[in-house]
Amino acid sequence: MKTQYYTASSLDGFIATQDDSLEWLFTLGTPSESSYPEFIAEVGAIAMGSVTYEWIQRNAEKAQAEAGSSWPYAQPTWVFTKRSLEAVPGADIRFFSGDAATAHAEMRVASQGKNIWIVGGGDLAGQFYDAGLLDEIIVQLGAVTLGQGKSLLPRRILSPALRLTAVRQMGDRMVELRFEVRKPCA
Ligand SMILES: NC(=O)c1ccc[n+]([C@@H]2O[C@H](COP(=O)([O-])OP(=O)(O)OC[C@H]3O[C@@H](n4cnc5c(N)ncnc54)[C@H](OP(=O)(O)O)[C@@H]3O)[C@@H](O)[C@H]2O)c1
């Protein structure tokens, strides 16, 4: 069982524009040889921040077209928020406010031995990293730059550095990089 941050990023390290647009990502087209089907098959629980949750709700039609449902995930999903948000009817959504370690303990139980996916944003992935709970970062880097936006991972990770474990070309506009998060020596 791994806790994985799986996301797409511009070449200069942004997962969305400052105003939460992902249009730049869609201009890259559907990547050939996507790892998503094999990735999602191994996921047992999901975490996301409220801005990501609200983005999915605003773009429910896209999810409907691609996944056949306005909510794209079958797995129980922890939505981090201090606000009172509306749930999506029929979706297993658990609104959560607090520290990543507490949520992670609940998610471990729910995931029944499968992986935990941190969808984003970057700071939420950083909260799991800070708690020593992030095992892997899988990022599809697109052949575009944004100049500014929402950071892929707003943390300094210097020592130990991440360990690159796999590189996979996805057509001519994307490359997927996999990094193991190495734990500091005790
Ligand atoms: N490129 C990709 O593949 C990809 C993947 C994922 C997301 N995205 C996009 O990236 C952007 C991410 O935006 P973001 O980084 O601003 O936000 P985010 O992580 O989606 O949401 C941040 C918000 O979550 C809540 N939150 C975070 N930690 C919390 C905690 N410990 N307890 C309680 N609440 C907590 C806070 O909001 P409140 O308390 O105010 O609700 C916080 O402002 C979105 O536009 C999303 O669509 C892109």
Side-chain angles (χ1 to χ4, degrees), residues 3-31 34-37 39-40 43 45-63 66-67 70-73 75 77-88 91 93-107 115-134 136-155 168 170-171 173-179:
T3 300
Q4 299 164 307
Y5 178 33
Y6 179 100
T7 192
S9 170
S10 66
L11 185 58
D12 53 346
F14 300 108
I15 61 169
T17 62
Q18 203 55 49
D19 60 354
D20 296 305
S21 169
L22 291 184
E23 286 311 311
W24 60 273
L25 184 56
F26 302 123
T27 66
L28 295 169
T30 307
S34 168
S35 60
Y36 187 75
F39 167 77
I40 196 68
V43 170
I46 291 176
M48 67 179 66
S50 64
V51 176
T52 300
Y53 177 68
E54 290 176 309
W55 185 94
I56 294 171
Q57 286 187 310
R58 281 198 308 279
N59 292 271
E61 280 175 22
K62 231 176 209 112
E66 281 170 20
S70 60
W71 180 251
Y73 310 118
Q75 296 87 343
T77 301
W78 274 250
V79 174
F80 283 65
T81 185
K82 295 186 190 71
R83 294 174 291 143
S84 176
L85 299 177
E86 294 228 347
V88 175
I93 289 166
R94 319 203 180 167
F95 294 110
F96 179 87
S97 179
D99 61 276
T102 304
H104 193 265
E106 296 175 11
M107 295 174 79
N115 295 329
I116 292 174
W117 176 20
I118 315 302
V119 178
D123 182 69
L124 185 66
Q127 293 178 42
F128 283 87
Y129 171 81
D130 295 341
L133 294 168
L134 194 61
E136 195 172 28
I137 298 170
I138 305 167
V139 55
Q140 291 94 37
L141 274 184
V144 292
T145 62
L146 295 177
Q148 56 185 352
K150 298 281 179 86
S151 170
L152 169 65
L153 188 56
R155 293 293 186 278
R168 173 172 177 164
M170 300 158 75
R173 295 182 189 181
M174 276 203 156
V175 60
E176 180 176 89
L177 306 175
R178 285 181 182 244
F179 295 95

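All ligand and atom numbering here is 1-based and tracks the order in the structure.
When heavy-atom distances to ligand 1 are checked against 4.0 Å, the residues falling inside are T7, A8, I15, A16, D20, L22, G49, S50, V51, T52, W55, F80, T81, K82, R83, F96, S97, G98, V119, G120, G121, Q127, K150, ordered by chain and number.
Rounding to the nearest 0.5 angstrom, the gap separating the CD atom in Q57 from the CG atom in L85 is 7.5 Å.
A donor atom on one side chain and an acceptor atom on the other are found under 3.5 Å apart for S10 and D12. Judged by distance alone, the side chains of S35 and R168 never bring a donor and an acceptor atom under 3.5 Å apart.
Taking the ring centroids of W24 and F14, they lie at or beyond the 6.0 Å cut-off.
Using cut-offs of 30° and 60° for the angle between ring planes, the F26 and W55 rings count as parallel.
By the 4.5 Å heavy-atom criterion applied to side chains, E136 and N115 are not counted as neighbours.
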